Amino acid sequence: MPELPEVEVTRLSFALEIAGAKVISVCMGKPLRWPLGCLPTALAGRSVQAVRRRGKYLLIDLDQGLLLVHLGMSGSLGFASQLPPAGAHDHFEMLTTQGTLRLTDPRRFGAVVYADSEDAPQACKLLDKLGMEPLSDDFDIDRFHVQLKRRKAAIKQVLLAGDVVVGVGNIYASEVLFWAGVRPTLSATRLSWPRSVKLHAAIRDVLARAVAKGGSTLRNFSNANGDSGHFQLETMVYARQGQPCRVCGTPIKALRQGQRSTFYCPLCQKA
DNA sequence: AAAAGCCCCTGGATGC
DNA sequence: TGCATCCAGGGGCTTT
């Protein structure tokens with residue numbers, strides 16, 4: 001579930017509440033994607049300073065070191081002074097003086113990794129090759145266009161790869177390409193300057209609107225307060241194959257690219 | 001260097 | 001009801 005908007009919505013839903021909290025204890029459930037990288041007891045006594053986001057990673061800054069949290073495909077966080085008893089899918093829990101932070105992740109593609117600093121190898125390994133942040137000033141149109149020109153793969157795959165621009169996952173890739181009027185199979189290198197400009201704008205616009213709507217809840221995404229998102233109600237193409245395009249009425253088509261499903265309107269996205 | 005496949009894991013939906 | 005198959009928001013690793 002979690003693409004950039006869901007991760008950002010999650011961040012916003014507990015960042016202020018956890019700031020200043022002191023860690024009491026940490027416990028881990030079943031193994032996640034990677035080991036924590038330190039003894040859970042080593043974190044006790046540290047204080048949480050801020051929660052930031054880089055791509056689909058949440059960075060929880062401690063007074064010493066930081067935790068990198070990734071929600072994978074099925075993860076969600078909860079933060080409250082009183083959480084329900086831990087279930088079979090709760091694999092990380094951090095008790096603090098201001099509440100308990102819990103990662104629930106049935107598929108366990110998610111991760112919680114400790115690093116001494118953002119420059120430490122554990123962090124670099126995850127963050128170094130990430131592309132531009134689409135909602136920040138860092139997202140430069142010229143650079144975006146130049147980087148697309150260097151890629152021959154289909155534009156949708158390039159967006160998903162995350163090394164040009166981060167945060168666009170499978171739902172938003174289809175949505176963004178719809179708004180830009182670009183066919184998902186088009187080789188990235190063939191995007192003209194005006195179309196790159198349009199795509200750049202569509203990425204910012206769609207992601208920002210999705211954040212404003214609390215993200216998309218397809219199965220069970222919720223923010224750290226348990227609220228669902230609503231952006232799934234206004235998708236133009238995602239999971240709408242066979243249904244009429246909301247703009248021109250043409251039936252939406254589906255195809256597979258790199259074992260992921262893609263949706264587009266054959267008329268609105270002519271090439 | 002870039003692209004394509006495979007794989008991690010669990011659960012829900014669908015089909016026989 | 002039971003079982004097999006396919007699919008799902010991600011992304012790292014290995015192979016071409």
Side-chain angles (χ1 to χ4, degrees), chain A residues 1-11 28-35 37 53-58 68-77 87-92 103-113 121-131 146-177 184-190 206-207 210-211 213-223 228-233 235 237-241 254-263:
Chain A
M1 56 170 114
E3 304 181 31
L4 183 147
E6 290 73 33
V7 177
E8 179 64 8
V9 162
T10 298
R11 187 185 74 80
M28 307 291 296
K30 283 188 179 181
L32 292 166
R33 177 147 203 174
W34 299 295
R53 180 188 56 73
R54 176 75 178 99
K56 295 172 189 168
Y57 287 93
L58 285 174
L68 295 93
V69 178
H70 198 289
L71 302 177
M73 288 274 262
S74 58
S76 61
L77 287 178
H89 301 312
D90 298 329
H91 305 301
F92 169 86
L103 172 67
T104 304
D105 184 7
R107 291 178 73 178
R108 290 189 284 128
F109 287 171
V112 181
V113 172
Q122 300 94 325
C124 289
K125 186 180 166 194
L126 303 178
L127 304 177
D128 268 5
K129 51 182 180 294
L130 297 183
V146 168
Q147 301 212 42
L148 292 185
K149 280 284 162 195
R150 289 209 283 253
R151 302 291 206 93
K152 290 184 179 163
I155 181 63
K156 163 148 191 270
Q157 314 254 99
V158 174
L159 291 179
L160 279 187
D163 49 357
V164 174
V165 58
V166 293
V168 181
N170 206 43
I171 299 175
Y172 297 109
S174 283
E175 292 300 307
V176 150
L177 289 167
T185 48
L186 181 72
S187 171
T189 194
R190 298 188 55 193
V206 169
L207 295 181
V211 170
K213 290 283 175 179
S216 300
T217 297
L218 264 55
R219 284 176 178 70
N220 47 28
F221 168 75
S222 60
N223 68 22
S228 295
H230 304 286
F231 192 78
Q232 73 280 3
L233 300 175
T235 55
V237 291
Y238 184 79
R240 295 194 67 243
Q241 71 273 32
L255 57 84
R256 288 191 77 78
Q257 290 178 286
Q259 12 273 75
R260 317 289 303 270
S261 45
T262 300
F263 306 89

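Below, chains carry the letters A, B, ... as their sequence lines are ordered, and counting in each starts from 1. Side-chain atoms are counted along with the backbone in the values below, which use heavy atoms only and exclude waters and symmetry mates. Keep in mind that this is a model prediction, so the values were computed, not measured.
Ranking C/dA8, B/dA3, C/dG10 by closeness to the A/E3 side chain, first place goes to C/dG10. The side chain of A/H70 approaches C/dG11 more closely than any other nucleotide in the set C/dG11, C/dA8, C/dG12. With distances taken from any side-chain atom of A/K129 to the nucleotides C/dG12, B/dA4, C/dA8, the minimum falls on C/dG12. Side-chain proximity of A/R33 to the nucleotides C/dA8, C/dG10, B/dA4 is greatest for C/dG10.
To the nearest angstrom, P of C/dG11 lies 16 Å from CG of A/D128. A/R260 has its CZ atom 13 Å from the C1' atom of C/dG12, to the nearest Å. Atom-to-atom, CG of A/L130 to C1' of C/dG11 comes out at 11 Å; the value is rounded to the nearest Å. Counting to the nearest Å, the P atom of C/dA8 and the OH atom of A/Y172 are 17 Å from each other. The interatomic distance linking A/E6 (CD) with C/dA8 (C1') rounds to 14 Å, in whole Å. Summarising the geometry, the separation between CG on A/N170 and P on C/dC7 is reported as 13 Å, rounded to the nearest angstrom. Rounded to whole Å, the distance from NE2 on A/H91 to P on B/dT10 is 8 Å. We find that CD of A/Q157 is positioned 14 Å from P of B/dC6, with the value rounded to whole Å.
A distance cut-off of 5.5 Å between ring centres, combined with a plane angle under 30°, leaves A/F109 outside any stacking arrangement with the base of C/dG11.
Backbone-only contact: A/G169 has heavy atoms under 4.0 Å from sugar-phosphate atoms and none from a base. Note on A/F231: nothing from the nucleic acid sits closer than 4.0 angstrom, heavy atoms only.
Using a 4.0 Å cut-off, no side-chain N or O of A/K30 falls inside it from OP1 or OP2 of B/dC9. The phosphate of C/dG11 has OP1 or OP2 within less than 4.0 Å of a side-chain N or O from A/K56. At least one side-chain nitrogen or oxygen of A/R256 sits closer than 4.0 Å to the OP1 or OP2 atom of C/dA8. Side-chain N/O atoms of A/S261 include one lying less than 4.0 angstrom from OP1 or OP2 on C/dA8.
Between the side chain of A/R151 and the base of B/dA2 there is no donor-acceptor pair of N/O atoms closer than 3.5 Å. Side chain A/R108 to base B/dC9: no donor-acceptor pair is found below 3.5 Å.
Taking 4.5 Å as the limit, some side-chain heavy atom of A/R151 sits within range of a side-chain heavy atom of A/V164.
Here B/dC9 sits opposite no nucleotide as a Watson-Crick or G-U wobble pair (both hydrogen-bonding atom distances under 3.5 Å).
In this pair, A/Y57 and A/H70 present their aromatic rings perpendicular. The plane angle is above 60°, beyond the 30 to 60° band.
The two residues A/P2 and A/G72 make their nearest non-hydrogen contact at CD-O, 3.1 Å. The two atoms that bring A/F221 and A/E6 nearest to each other are CZ-O, 3.4 Å, heavy atoms only.
With P as the reference atom, B/dC9 and C/dC3 are 23 Å apart, rounded to whole Å.
Comparing A/G258 and A/R150 against DNA chain B, the residue whose closest nucleotide sits nearer the 5' end is A/R150.
Heavy atoms of other residues, nucleotides or ligands lying less than 6.0 angstrom from NZ of A/K152 number 12 at most.
For the residue pair A/D90 and A/T104, a side-chain donor N or O sits within less than 3.5 Å of a side-chain acceptor on the partner.
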